[in-house]
Number of protein chains: 2
Amino acid sequence: MSGKLYVIGTGPGGAQQMTLETRNAIEHAEDFFGYGPYLDRLSLRPDQQRIASDNREELERARAALELAASGRKVCVVSGGDPGVFAMAAAVCEAIDAGPEAWRAIDLTILPGVTAMLAVAARVGAPLGHDFCAISLSDNLKPWDVITRRLRLMADAGMVIALYNPISKGRPWQLGEAFSLLREMLHGETPVIFGRAAGRPDERMLVMPLKDADAGKADMATCVIIGSPETRTIERLGQSSLVYTPRFISGDKM
Amino acid sequence: MSGKLYVIGTGPGGAQQMTLETRNAIEHAEDFFGYGPYLDRLSLRPDQQRIASDNREELERARAALELAASGRKVCVVSGGDPGVFAMAAAVCEAIDAGPEAWRAIDLTILPGVTAMLAVAARVGAPLGHDFCAISLSDNLKPWDVITRRLRLMADAGMVIALYNPISKGRPWQLGEAFSLLREMLHGETPVIFGRAAGRPDERMLVMPLKDADAGKADMATCVIIGSPETRTIERLGQSSLVYTPRFISGDKM
């Protein structure tokens with residue numbers, strides 16, 4: 001008998017940033033797999049099972065969830081943000097790809113959510129208002145020289161750059177090196193946003209020019225957005241500045 | 001007296017893909033500005049004012065909304081998807097930047113939403129599971145040679161590419177030219193997803209290899225996602241294929 005597997009995202013800020021279809025899936029599911037702090041954002045009923053695991057054991061978690069769903073249970077895999085952006089949806093697909101044939105028959109529903117860069121962008125204005133990219137700075141899953149090559153090509157292309165997984169205890173120097181590399185290619189006044197825990201009580205948004213960007217301002221819960229040459233700042237009296245990237249490219253036929 | 005301006009996104013699929021904080025903002029606002037079909041997704045009360053305008057008049061719409069908010073009203077500017085991705089949040093910031101000082105005092109709240117590429121990705125698997133970019137293919141607001149240069153750099157960097165505004169009556173040939181250009185750089189079997197109206201009754205998801213990708217399959221409501229060299233497809237009996245990009249880069253230390 002084949003059950004049901006939902007893969008959902010809580011949004012970065014918990015209940016208020018969840019979609020209605022995600023809330024309905026949570027209502028409907030029986031067993032919940034995820035990193036503990038993400039599961040804490042759900043208000044599970046006593047009859048719903050909570051199976052928390054460490055954030056680094058994504059593939060193992062995906063396999064356990066698929067196995068339980070294949071046995072006929074209604075299972076929910078929980079990511080923070082959007083499940084499709086550096087999160088569990090890819091891990092579930094990897095596990096299906098390498099797993100038993102029966103896992104391909106599982107009724108799989110992936111539900112989109114608000115990913116961190118969108119929540120951070122909304123808090124400070126519209127820095128992702130034109131072409132942008134999202135890069136994971138973690139070299140656990142790809143070589144560091146792939147990351148630096150990508151950063152150079154993104155800066156060369158004039159893209160706004162959102163960095164996920166900017167720093168951790170095991171990866172303390174990568175963000176600083178990324179800033180150094182980008183300083184060689186972008187103007188020192190390019191706005192850099194450190195968006196921490198967008199939408200949560202411990203939210204903190206910092207904006208500083210690239211020349212002063214300090215990797216020490218980021219932690220594991222931070223999404224870093226680096227502007228393009230078009231990105232602008234609007235000062236406001238008594239309110240925080242707005243950072244935005246216009247919809248057009250200057251000097252254009254606009 | 002200074003009022004309130006919300007800038008919200010409905011998500012691509014209407015009510016089910018809206019966040020709770022967005023629904024609360026809609027409850028609270030008095031006047032709604034937006035492209036008619038986006039306003040149609042809201043269930044406004046008789047006492048709430050609907051001010052629909054053409055999709056191409058974004059800056060004018062932003063100015064009108066700011067003016068009304070500055071007069072003390074609670075105003076809501078409505079985008080489809082996420083307001084910060086090729087949408088109204090940047091237009092509102094542009095208008096504030098060029099507008100009267102009083103507009104900088106308006107209490108502005110931008111609320112993130114589910115942008116089209118996330119909804120399309122969730123429907124087909126996890127094609128955005130690793131580094132990706134979002135590019136508007138519209139050359140109304142930037143020169144075509146900037147777009148082609150960016151596409152080449154993105155393909156060179158191995159990014160998954162999400163194309164917004166792929167085609168319209170006034171821009172019929174650009175998507176075909178983008179496919180031709182990418183065929184020179186990417187393998188012919190690279191999966192291309194045409195994700196139309198994700199989450200709506202008229203949703204249609206098509207996946208085909210780049211060598212067969214036909215721009216005629218896209219319309220204004222389509223988000224096109226082009227895989228990277230890492231993107232894979234999983235065939236499933238009796239269900240649609242899954243398309244995903246692994247979290248790691250092959251040949252890596254994974």
Side-chain angles (χ1 to χ4, degrees), chain A residues 11 15-21 58 82-86 89-91 93-94 96-97 104-105 110-115 118-119 121-122 125-126 128-136 141-143 146 149-150 153-154 156-159 232 234 236-238 242 244-249 252 254, chain B residues 11 15-21 82-86 89-91 93-94 96-97 104-105 110-115 118-119 121-122 125-126 128-136 141-143 146 149-150 153-154 156-159 232 234 236-239 242 244-249 252 254:
Chain A
Q16 286 285 314
Q17 288 185 337
M18 242 181 254
T19 66
L20 195 60
E21 66 179 8
E58 295 186 330
D82 175 88
V85 176
F86 309 118
C93 290
E94 287 166 32
I96 293 173
D97 205 0
R104 299 183 184 217
I110 302 169
L111 296 178
V114 173
T115 185
L118 301 185
L128 307 179
H130 205 67
D131 300 343
F132 64 93
C133 65
I135 291 183
S136 170
L141 298 170
K142 68 188 157 193
V146 169
R149 181 165 187 279
R150 285 184 177 175
L153 288 165
M154 296 305 112
D156 187 19
M159 307 290 279
R232 297 172 53 89
I234 306 174
R236 297 188 298 175
L237 259 178
L242 288 173
Y244 80 101
T245 307
R247 298 161 305 140
F248 55 89
I249 288 197
D252 188 323
M254 169 77 186
Chain B
Q16 286 284 313
Q17 288 184 336
M18 241 181 256
T19 67
L20 195 60
E21 66 179 6
D82 175 87
V85 176
F86 308 119
C93 289
E94 287 165 33
I96 292 173
D97 205 0
R104 298 182 186 218
I110 302 170
L111 296 176
V114 173
T115 184
L118 301 185
L128 306 179
H130 204 67
D131 300 342
F132 64 93
C133 66
I135 291 183
S136 169
L141 298 170
K142 68 188 157 193
V146 170
R149 182 165 186 278
R150 286 184 176 173
L153 288 164
M154 296 305 111
D156 187 21
M159 308 290 279
R232 297 173 54 91
I234 306 174
R236 297 188 298 174
L237 259 178
Q239 293 195 79
L242 288 173
Y244 79 101
T245 308
R247 297 160 306 137
F248 55 88
I249 288 196
D252 187 324
M254 170 76 185

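So you know, we letter chains A, B, ... as the sequences are listed, proteins then strands, and number each from 1.
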Original post:
How many angstroms lie between OG1 in A:Thr245 and CD in B:Glu94, if you round to the nearest 0.5 Å?
Top reply: 10.0 Å
**OP:** Please round to the nearest 0.5 Å and tell me the distance separating atom CZ of B:Phe86 and atom NE2 of A:His130.
**Re:** 6.0 Å
Contact leader toward chain A among [options], where contacts are heavy-atom pairs under 4.5 Å:
{"options": "B:Arg104, B:Arg236, B:Arg232, B:Met18", "value": "B:Arg104"}
{"options": "B:Gly129, B:Ala134, B:Ala91", "value": "B:Ala134"}
{"options": "B:Ala126, B:Cys133, B:Cys93", "value": "B:Cys93"}

Quick one: what part of [X] sits under 4.5 Å from any heavy atom of chain A, side chain, backbone, both or neither?
{"X": "B:Gln239", "answer": "side chain"}
{"X": "B:Asp82", "answer": "side chain"}
{"X": "B:Ser136", "answer": "both"}
{"X": "B:Ala121", "answer": "neither"}
{"X": "B:Leu242", "answer": "side chain"}

Taking all non-hydrogen atoms of both residues into account, name the closest pair between [X] and [Y] and its distance.
{"X": "A:Leu111", "Y": "B:Ala122", "value": "C-CB, 4.3 Å"}
{"X": "A:Gly125", "Y": "B:Ile110", "value": "O-CD1, 3.3 Å"}
{"X": "B:Ile249", "Y": "A:Arg150", "value": "CD1-NH2, 3.6 Å"}
{"X": "A:Arg149", "Y": "B:Ala157", "value": "NH1-CA, 4.1 Å"}
{"X": "A:Leu141", "Y": "B:Arg247", "value": "CB-O, 3.3 Å"}

**OP:** Check each atom of A:Asp97 against the heavy atoms of chain B and say whether the ones under 4.5 Å are side chain, backbone, both or neither.
**Re:** both
Subject >> Partner chain B: residue of A:Gly238, A:Pro112, A:Ala89 with the largest heavy-atom pair count (under 4.5 Å) >> reply: A:Pro112
**OP:** Under 4.5 Å, counting heavy-atom pairs only, tell me which of A:Leu20, A:Thr19, A:Asp131 racks up the most with chain B.
**Re:** A:Asp131
Original post:
Side-chain contact, heavy-atom cut-off 4.5 Å: B:Met159 with A:Ile135?
Top reply: yes
